[in-house]
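Below: the structure, in structure tokens.
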Amino acid sequence: MPLRLIFMGTPDFSVPTLLELVAHGHEIAAVYTRAPKPGGRRGLQLQPTPVEEAARKLGVPVLTPKTLKTEEALEEFRSFDADAAVVVAYGMILPQAILDAPKLGCYNLHASLLPRWRGAAPINRAIMEGDAESGVMVMKMDVGLDTGDVAMAERLAITDTMTALDLHDRLSCLGADLMVRAMAALGRGGLQLKKQSEDGVTYAAKIDKAEARVDWTKPAHAVLRHIHGLSPFPGAWAELDNARVKILRCELAKGSGEPGAVLDDQLTIACGEGAIRIIELQREGKARMQAADFLRGVPLKAGARFN
């Protein structure tokens with residue numbers, strides 16, 4: 001049975017779920033997203049969120065409230081008479097009154113295998129911590145931070161070739177399909193919920209730019225996962241000849257030496273244990289490029305050093 005839904009989301013990650021819900025016949029009564037922010041070449045033009053752009057194309061009403069805690073915001077939310085709300089990376093706390101407003105509740109798509117990586121940056125943290133897998137889960141929301149009962153889940157292996165963007169894109173598509181299946185089950189009264197385990201709870205703190213510098217004293221696998229977990233944003237970086245270089249993609253390589261030392265003419269860099277080979281990087285103020293293109297302009301010999 002198609003449902004009447006309120007959709008709440010903001011970034012690119014949210015868009016596939018919105019589109020899939022519409023494609024499967026659900027009625028989107030309204031879309032809630034964050035307000036446009038200044039952007040463009042001069043930073044003066046207001047840039048709508050990816051979700052707002054998608055909703056406008058669909059002809060769905062778009063709301064960008066600064067808060068949901070006022071009586072006016074609650075009454076407006078209730079006025080849409082929704083069966084349920086679907087929340088995907090909205091970026092705003094939903095108070096209890098909002099959670100209670102839809103007849104069947106509010107359902108969040110979260111990009112981790114809860115209770116691991118509750119919070120803001122689950123995709124980045126899963127890669128950075130060396131996790132073997134990630135996934136997406138649909139949960140019925142409560143007032144806690146990603147503490148609601150879980151309805152459905154899909155798992156995905158994390159390989160050493162995956163960057164945060166790679167995993168983001170895979171989970172975004174996987175999550176859209178999962179939410180469609182969850183809403184279908186909800187519509188026919190068959191969505192089953194299970195409480196989250198109290199064991200294995202971890203929190204995915206927002207990425208701080210101060211943690212982006214590469215620590216070459218760590219083992220090569222940890223360095224690789226740190227680099228990939230921050231790629232492309234904010235981008236793990238190191239200094240070469242006093243200039244900052246972002247490292248966006250790399251692979252494990254053979255070799256050893258002083259941490260940060262360039263071991264050959266193919267950008268193999270020594271770590272605390274083992275080495276990595278840089279595949280893609282970005283010099284400060286320049287476009288991203290392949291390592292081979294970088295080396296044509298900045299030839300490096302063994303003995304050079306990343307700090």
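None of the values given here were measured: they were computed from a predicted structure. We use all heavy atoms of the structure for the numbers below, so side chains are in, but hydrogens, waters and symmetry mates are not.
- Using a 4.0 Å cut-off between charged nitrogen and carboxylate oxygen, E27 and R4 count as a salt-bridge pair.
- The two residues P234 and K246 come nearest to each other via the heavy atoms O-NZ, 2.9 Å.
- In this structure, OG on S134 lies 9.0 Å from CE on M162, to the nearest 0.5 angstrom.
- Within the 3.5 Å criterion, the main-chain N or O of R116 finds a donor-acceptor partner in the side chain of S112.
- The pair D293-K286 does not meet the salt-bridge criterion, since no charged nitrogen lies less than 4.0 angstrom from a carboxylate oxygen.
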Does the side-chain contact (heavy atoms from CB on, under 4.5 Å) test come out yes or no for F7 and L21, once each step is laid out?
CA-CA 9 Å; F7 185 86; L21 288 169; 4.0 Å; yes
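- Under the 4.0 Å criterion applied to side-chain N and carboxylate O atoms, R125 and E211 are assigned as salt-bridge partners.
- The CD1 atom of I227 sits 9.0 Å away from the CD1 atom of I269 when rounded to the nearest 0.5 Å.
- Between P115 and S197 the shortest heavy-atom distance is CG-O, 3.5 Å.
- Here the side chain of D146 pairs a donor or acceptor atom with the backbone of G119 at under 3.5 angstrom.
- Proximity of a side-chain donor or acceptor of T10 to a complementary backbone N or O of Y90 within less than 3.5 Å is detected.
- Between R213 and E239 there is a salt bridge, since a side-chain N of the basic residue sits under 4.0 Å from a carboxylate O of the acidic one.
- Under the 4.0 Å criterion applied to side-chain N and carboxylate O atoms, R225 and D160 are assigned as salt-bridge partners.
- Applying the 6.0 Å contact sphere to CG of L58 captures more than 12 heavy atoms from other residues, nucleotides or ligands.
- Within the 3.5 Å criterion, the main-chain N or O of G148 finds no donor-acceptor partner in the side chain of K195.
- If you check the side chains of T49 and T33, you find a donor sitting under 3.5 Å from an acceptor.
- R34 places a side-chain N or O within 3.5 Å of a backbone atom of G91 that can act as its donor or acceptor partner.
- Between K57 and E53 there is no salt bridge, since none of the side-chain N atoms of the basic residue sits less than 4.0 Å from a carboxylate O of the acidic one.
- Using a 4.5 Å cut-off between side-chain heavy atoms of Ile, Leu, Val, Met, Phe, Trp and Tyr, with links allowed through other members, I279 and L252 fall into different hydrophobic clusters.
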Residue pair V51, Y32: steps toward the side-chain contact (heavy atoms from CB on, under 4.5 Å) verdict
CA-CA 9 Å; V51 165; Y32 279 66; over 6 Å; no
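- Distance alone, capped at 3.5 Å, places no donor-acceptor pair between the H226 side chain and the M128 backbone.
- In summary, of the residues considered (D166, L178, V136), a side chain to side chain contact (heavy atoms under 4.5 Å, CB included) with L171 occurs for V136 alone.
- Following chains of ILVMFWY side-chain contacts shorter than 4.5 Å, one cannot reach V15 starting from M92, and the two form parts of different hydrophobic clusters.
- A salt bridge between R181 and D177 is present, with a side-chain N of the basic residue lying under 4.0 Å from a carboxylate O of the acidic one.
- V150 and V201 fall into different hydrophobic clusters, where Ile, Leu, Val, Met, Phe, Trp and Tyr side chains are chained together by heavy-atom contacts under 4.5 Å.
- Atom CG of N307 and atom CG of L240 lie 8.5 Å apart (nearest 0.5 Å).
- Surrounding CD of Q96 are more than 12 heavy atoms belonging to other residues, nucleotides or ligands, all under 6.0 Å away.
- When side chains are defined from C-beta on, L267 counts as touching F294, because their heavy atoms get closer than 4.5 Å.
- When the side chains of ILVMFWY residues are joined at heavy-atom separations under 4.5 Å, either directly or via intervening members, L109 and V87 end up in two distinct hydrophobic clusters.
- Distance alone, capped at 3.5 Å, places no donor-acceptor pair between the Q196 side chain and the M139 backbone.
- Looking only at distances, a side-chain donor or acceptor of H228 sits under 3.5 Å from a matching main-chain atom of C250.
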Can L165 and L167 be said to form a side-chain contact (heavy atoms from CB on, under 4.5 Å), step by step?
CA-CA 5 Å; L165 180 60; L167 184 56; over 6 Å; no
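- For the atom pair CG of L281 and CG of L248, the computed distance is 7.0 Å after rounding to the nearest 0.5 Å.
- Defined by atom type and a distance below 3.5 Å, a donor-acceptor pair is missing between the side-chain atoms of S172 and D169.
- Rounded to the nearest 0.5 angstrom, L19 CG and T17 OG1 are separated by 8.5 Å.
- The shortest heavy-atom contact between G274 and A220 is C-CB, 3.9 Å.
- With hydrogens and angles ignored, the 3.5 Å screen pairs a side-chain donor or acceptor of S14 with a backbone N or O of V88.
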Going through the checks in order, is the side-chain contact (heavy atoms from CB on, under 4.5 Å) test met by L186 and L3?
CA-CA 9 Å; L186 183 66; L3 297 172; 3.9 Å; yes
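- Although no hydrogens or angles enter the test, the distance criterion places a donor-acceptor pair under 3.5 Å between the side chain of R249 and the main chain of T161.
- Atoms NZ and CG, from K209 and L230 in turn, are 12.0 Å apart once rounded to the nearest 0.5 Å.
- A side-chain donor-acceptor contact under 3.5 Å links W117 and D131.
- L224 and I127 fall into different hydrophobic clusters, where Ile, Leu, Val, Met, Phe, Trp and Tyr residues are linked whenever their side-chain heavy atoms come under 4.5 Å apart, directly or through other members.
- When all heavy atoms of A55 and V62 are compared, the pair lying nearest together is CB-CG2, 3.6 Å.
- The pair E251-R277 counts as a salt bridge, with a side-chain nitrogen and a carboxylate oxygen less than 4.0 angstrom apart.
- Just one residue in the list L18, V31, L94 forms a side chain to side chain contact (heavy atoms under 4.5 Å, CB included) with M8, and that residue is L94.
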